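To keep things clear, I will list the structure first and then write my remarks on it.
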Number of protein chains: 2
Amino acid sequence: MSIGIKDLAKELQLSVATISKALKDSHEISPETKERVLKLAKELNYTPNPYASSLRHRGSKTIAVVLPEVADSFFSMAINGIESVAQEKGYHVLVYLTHEQFEREISILKDFQNGRVDGVLLSISSTTCEYNHLHKLYEENMPLVFFDRVCEEINTAKVQTDDTQAGYVATKHLLEKGCKKIAFLSMNSNLSITKHRMQGYVDALKEAGLNDTQKLVVECDSNDEVSYAIIKRVLEGDRQIDGVIGSVEKLATMTYAVCDELLIKIPQQLKVIAFSNLQIAGLLNPSLTTITQPAFEIGKTAATLLFRALEKRNFDLKAEHISIPSLLFERKSTS
Amino acid sequence: MSIGIKDLAKELQLSVATISKALKDSHEISPETKERVLKLAKELNYTPNPYASSLRHRGSKTIAVVLPEVADSFFSMAINGIESVAQEKGYHVLVYLTHEQFEREISILKDFQNGRVDGVLLSISSTTCEYNHLHKLYEENMPLVFFDRVCEEINTAKVQTDDTQAGYVATKHLLEKGCKKIAFLSMNSNLSITKHRMQGYVDALKEAGLNDTQKLVVECDSNDEVSYAIIKRVLEGDRQIDGVIGSVEKLATMTYAVCDELLIKIPQQLKVIAFSNLQIAGLLNPSLTTITQPAFEIGKTAATLLFRALEKRNFDLKAEHISIPSLLFERKSTS
DNA sequence: CTGAAAGCGCTAACAA
DNA sequence: TTGTTAGCGCTTTCAG
């Protein structure tokens, strides 16, 4: 059994209350006593039991981060951002992965009901089609911040980039490079990010005066093999396609793999642009043009908002809708 | 305030003890009572306060994962493996990043002293040069499993791959491809993995009858810019070098970037092989030959061992030293 | 089968 | 300045 406040009390012939106050540097304890207590505490390597204090003053100094996956560089970097501010604020970070599965998301959120965490950062899964679990959490007044993949119908803080704008820029870029028929690889159309990126795509096509024949939205799957097959079928079937937008990183790398297999030359036969945070996009063959989100920044901002809400009870998360711009990095895949 | 066991008791005119037992499906409660309790619990969406139970029966159903970083595909995949078994076992996962900083590692481990977590999975930072913090944790009987980057002087479970063998295979591969002077890019020579991989490198060179002139170990840094500069200086300075082994993923991608800048042609002028889990290694320019560790598997195995220890008090972690083989994927960077 | 009560480690109101 | 005590929500004897 580890050492507790009681042991210190016994050792120093003081009451537990005195010890507790001394450790908190309370003004009602004499300097000498504080000294003695602190000294012994250090000596015995005392650390308070976190759960006992949680139980008392309701507050776990812990937040939850719920992510679809971690194998995507966006989420890796976002975790980095989140963890960096959590560590600074003395908070602990519970990480949960939904693996893009709606049911998992539901069962994960159930665990947050009873004080396990003080707040939640969430990027929703691509298969989430209904938001009761989120409403429930929200109604229980759990501080909640969405990042990247938000749920629009929940009225709380959201940190994202202007996806419509980004989708527009990506499409415009391909059009300027001479593409006539651009396929938009979509992950799941319920997803806020996909919806908006697609909107930008549609806007750009319309602006260019292209009709519906030139519009091509390809629904991919959260399962990798399935997506691969879908992309392959599309590229094989319609050799008119001369541009591809990968709405998430994975779909772009898959497109590369498919092109390898089908001996389609990028960028000569097909130009590719992707929403991606791959640091090595420049080292791909050919180097990949990307729309890059400020992933670390998004994570950091979301976490900062959450902590602000945790620190000040009157801070209003509802008012916070932060948008951080994405950047276009032009590389050889669209040249 | 959320709903507690007391509320159920009041509502049903029962004692809290009865409720508690009913919820645990105790044999000493009548079926009817159980029924009533369970029904109301579901209705009111009751969930036990995790910290209250932790406080009672000591056990947090939480483990800690301590990693150097998460931007490396090895660690991303390892988290995946860990999280998958944790979720299955009903455990929660606290993630901590050291960012390769010794001091952070120390301060993170301090937090585990008093029951916050039931066990720890750890891959040590590259700047960790002294192991008191680990010894302390170990002596407090915290179940501890090292994965990938282990600390040899702590006598507990370790899950890794045979790095010596892998280093040997990598070097042998380059030699077979005709390399005469192979640089080994090392991350930090204290690190178990680096040490072993380097040992394999040395062994292979010796076996090939090469002398010390042909041996070249380049110490890189945990700071990216510094490493880049170091690699650049080496490749610029000694044009004899015709092979490079990246002992960690980042060093290999940096080598690619450096070669880009210096207009060194891979594989014609320089062959590159790397310890890496990049799923897109095949899409690099040129595709990268890798020694790939079973990252997901390592994470999963480490977590499984830990849970076994948590579930059976007599399970002996000391006895467990698991080695999972790495695989060589030959690609164009060494052709 | 059900309930009363003690206590996990800590904090905070109230006494002394 | 220090100590006493109640209680956070739950589990677990031990009595009824």
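Residue numbers begin at 1 in each chain, while the letters A, B, ... track the order of the sequences. Keep in mind the model is a prediction, meaning the values are calculated, not measured. Because only heavy atoms are used, hydrogens play no part in the values below, and waters and symmetry mates are left out as well, while side chains stay in.
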| query | Can you tell me how far P of D:dT2 sits from CD of A:Glu35, to the nearest Å? | reply | 13 Å

| request: Check whether any side-chain heavy atom of B:Tyr91 sits under 4.5 Å from a side-chain heavy atom of B:Ser60, and report yes or no. | output: no

| request: Just call it for B:Ser20: base, sugar-phosphate, or nothing, with non-hydrogen atoms closer than 4.0 Å on any strand. | output: base

| Can you tell if the side chain of B:Asn190 reaches within under 4.5 Å of the side chain of B:Ile124, non-hydrogen atoms only? | no

| message | Whether B:Ser30 contacts C:dT2 is assessed here as follows: a side-chain N or O lying under 4.0 Å from the phosphate OP1 or OP2. Is that the case? | response | yes

| request: Give a yes/no on whether any side-chain N or O of B:Arg58 is located under 4.0 angstrom from OP1 or OP2 of C:dG9. | output: yes

| Given atom CD1 of B:Ile3 and atom C1' of D:dC8, what is their separation to the nearest angstrom? | 17 Å

| message | Less than 4.0 angstrom between a side-chain N/O of A:Lys34 and OP1 or OP2 of D:dT1, yes or no? | response | no

| query | Can you find a pair of side-chain heavy atoms, one from B:Arg308 and one from B:Glu320, that are under 4.5 Å apart? | reply | no

| task | Report which part of the nucleic acid A:Lys21 touches: base, sugar-phosphate, or nothing (heavy-atom distance under 4.0 Å, all strands). | result | base

| task | Could you tell me the separation between the CZ atom of A:Arg116 and the C1' atom of D:dG9, rounded to a whole number of Å? | result | 14 Å

| Side chain of A:Ala17 - closest among D:dG9, C:dA12, C:dC8 | C:dA12

| field | Validation row: B:Thr156, B:Val145 side chains within 4.5 angstrom (heavy atoms) | value | no

| Where each residue is assigned the nucleotide of DNA chain D containing its nearest heavy atom, which of A:Val16 and A:Thr33 is assigned the position nearer the 5′ end? | A:Thr33

| task | Find the distance B:Lys6:NZ to D:dC8:P and express it as a whole number of Å. | result | 4 Å

| message | In this structure, how many angstroms lie between the C1' atom of D:dG9 and the CZ atom of B:Arg56, rounded? | response | 11 Å

| request: Using only side-chain N and O atoms of A:Tyr46, determine if any of them is under 4.0 Å from OP1 or OP2 of C:dC10. | output: yes

| query | So what does A:Lys24 hit on the nucleic acid, given a heavy-atom distance under 4.0 Å: a base, only sugar-phosphate, or nothing? | reply | sugar-phosphate

| said: Could you tell me how far apart B:Ile5 (CD1) and D:dC8 (C1') are, to the nearest whole angstrom? | reply: 14 Å

| Once you round it to whole Å, what is the distance between P of C:dT11 and OH of B:Tyr51? | 16 Å

| said: Under 4.0 Å, heavy atoms only, any strand: does A:Ser54 hit a base, just the sugar-phosphate, or nothing? | reply: nothing

| request: Find the distance A:Leu12:CG to D:dG3:P and express it as a whole number of Å. | output: 10 Å

| remark: The residue, B:Ile29 or A:Ala52, whose nearest nucleotide of DNA chain C is more 5′ is B:Ile29

| request: Examine B:Phe112 together with B:Tyr96 and report whether their ring centres are nearer than 6.0 Å. | output: yes

| said: When you measure from the side-chain N and O atoms of B:Ser15 to the phosphate of C:dG3, is any distance below 4.0 Å, counting only OP1 and OP2? | reply: yes

